[in-house]
Amino acid sequence: MKNGEFLTLGIESSCDETSVAIVAQGRRVLSNIISSQIEIHTAYGGVVPEIASRHHLNNINTVIDQALAEAEVKLDDIDLIGVTKGPGLIGALLVGMAAAKSLSFAKDIPIVGVHHLKGHIAANYIAAPELEPPFTAVVVSGGNTDIIDVKDYNDMDLLGVTRDDAAGEAMDKVARVLDLGYPGGPKIDVLAKQGNPHAVEFKRVFLEKGSYDFSFSGLKTGVLNYVNGLRQQGKEINSADIAASFQLAVVEVIVAKAVGAAREYGRRKLALAGGVAANSLLRKMMEEACIDAGIEFYRPEPVLCTDNAAMIACAAYYRYKDGYVDDLSLDAYPVLDF
Ligand code: KG4
């Protein structure tokens, strides 16, 4: 506690960001330090798990110190530690988990493990202090494309998942074939602004009627075949048109399913989360569709969309408030049920 405020220290290390945050009263961010390894992994065209773990190990103590210093608090002021327990890269997760458990043990601070996707959803509570459940959440990231019915802070139903590639994964792979570099999502976002989104009609996959699941691998393969076909014929490749057409195909499906779920479940609010939630077309089209449907639209600013520890601290706070607490037997899981 400091100045009567409950302080949560959050730790996130599920992929290639080492992040530590201090959050007051669950929603007020005092610091949110994010040490990104993107430049290191760019050389390999994707995240190399072993390298990620080693860099987390090098960074974690410094990032903890920075987060405390920027928030102007001491470890003794911390009331709760929240840590990502999965899903994610196991070696990477274990570094954050070991740090969190060490602090918990040394300072006798309660610890709460957080499901990474639930952290992404909680980013919306930080971005919009007035937001309360129930609402429909759409988590779109490098590893997930999920629609969730958030009935309460700790009571959620998973309505749909991707059956193959996540939207971000498809974005990264299409960007790679277009030689745009890594990570591909932001590059597609920027390049698409210069292209014609109706230049190529890539196939949208909606699956069975009423299903909230996604499938992006067919679309991704369609784009790869289209580009390789042009290359084989020695024809010119208009990367901006392809990026714009592919991006529109991804976004149209996500928007249609998300708004459909909000309607079916009678939710008047819809919240976007995950790295791909930073995509400008997704934000714009989801907002327009929500306005048309009379649904309030929430989306965190881009820094809260990608992996960060503030969202983990927030989710941990609401778990703790509802009586969930872990102990030092807490473990990390590469795969974790929602
Ligand atoms: O949530 P996140 O930081 O990491 C996890 O997957 O957990 O999401 C990373 C994904 C990557 O696939 C990246 O290409 C994508 O988010 N991404 C974007 C944008 N910014 C990040 N995709 C499209 N448009 C963006 N502006």
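Ligands are counted one by one from 1 in listed order, and the atoms in each one are counted from 1 as well.
- Of all atoms in ligand 1, numbered sequentially from 1 with element shown, those under 4.0 Å from a heavy atom of D189 are 24 (N), 25 (C), 26 (N).
- Listed by chain and number, the residues in a side-chain contact (heavy atoms from CB on, under 4.5 Å) with L68 are L9, I22, I64, V73, L75, I78 (sequence neighbours excluded).
- Ring-centre distance between Y182 and Y44: not below the 6.0 Å cut-off.
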Does R204 form a salt bridge (Lys or Arg N to Asp or Glu O under 4.0 Å) with E252? I'd like the steps, not just the answer. CA-CA 8 Å; R204 281 82 168 138; E252 272 185 7; 2.9 Å; yes

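- Note that R267 lies outside the cation-pi zone of F135, set by a 6.0 Å cut-off to the ring centre and a 45° limit from the axis.
- Within ligand 1, counting atoms from 1 as listed, the ones closer than 4.0 Å to a heavy atom of G142 are 5 (C), 6 (O), 8 (O), 9 (C), 10 (C), 12 (O).
- Not a single heavy atom of Q247 lies less than 4.0 angstrom from ligand 1.
- Remark: ligand 1 atoms within the under-4.0 Å shell around heavy atoms of P186 are 14 (O), 17 (N), 18 (C), 19 (C), 20 (N), 21 (C), 25 (C), 26 (N).
- The heavy atom nearest to atom 20 (N) of ligand 1, considering only C15, G275, C305, A273, is found in G275.
- A cation-pi arrangement is found for K118 relative to F338, the charged atom lying closer than 6.0 Å to the ring centre and inside a 45° cone about the ring normal.
- The protein heavy atom nearest to atom 15 (C) of ligand 1 is V276 CG2, 3.8 Å.
- Distances below 4.0 Å separate heavy atoms of H116 from the following atoms of ligand 1: 7 (O).
- Counting heavy atoms under 4.0 Å from ligand 1, residue E17 does not touch it at all.
- Atom 24 (N) of ligand 1 has as its closest protein heavy atom N279 ND2, 3.1 Å.
- Taking 4.0 Å as the cut-off, H120 counts as a neighbour of ligand 1 on heavy-atom distance.
- Atoms of ligand 1 lying under 4.0 Å from any heavy atom of G143, numbered from 1 in the order shown and given with element: 6 (O).
- Under a 3.5 Å cut-off, the side chain of T42 and the backbone N or O of I38 do form a donor-acceptor pair.
- Only the side chain of D172 comes within 4.0 Å of ligand 1, counting heavy atoms alone; its backbone N, CA, C and O stay farther away.
- Looking only at protein heavy atoms, the nearest one to atom 18 (C) of ligand 1 is G185 CA, 3.6 Å.
- Rounding to the nearest 0.5 Å places CE of M311 at 5.0 Å from CG of N308.
- A distance below 6.0 Å separates the ring centres of F214 and F216.
- Ligand 1 places these atoms under 4.0 Å from at least one heavy atom of T306: 3 (O).
- Checked by atom type and distance alone, the side chain of H41 pairs as donor or acceptor with a backbone atom of V48 at under 3.5 Å.
- Among the atoms of G168, some N or O lies under 3.5 angstrom from an N or O of ligand 1.
- For D322, there are no salt bridge (charged side-chain N to carboxylate O under 4.0 Å, His left out) partners two or more places apart in sequence or in a different chain.
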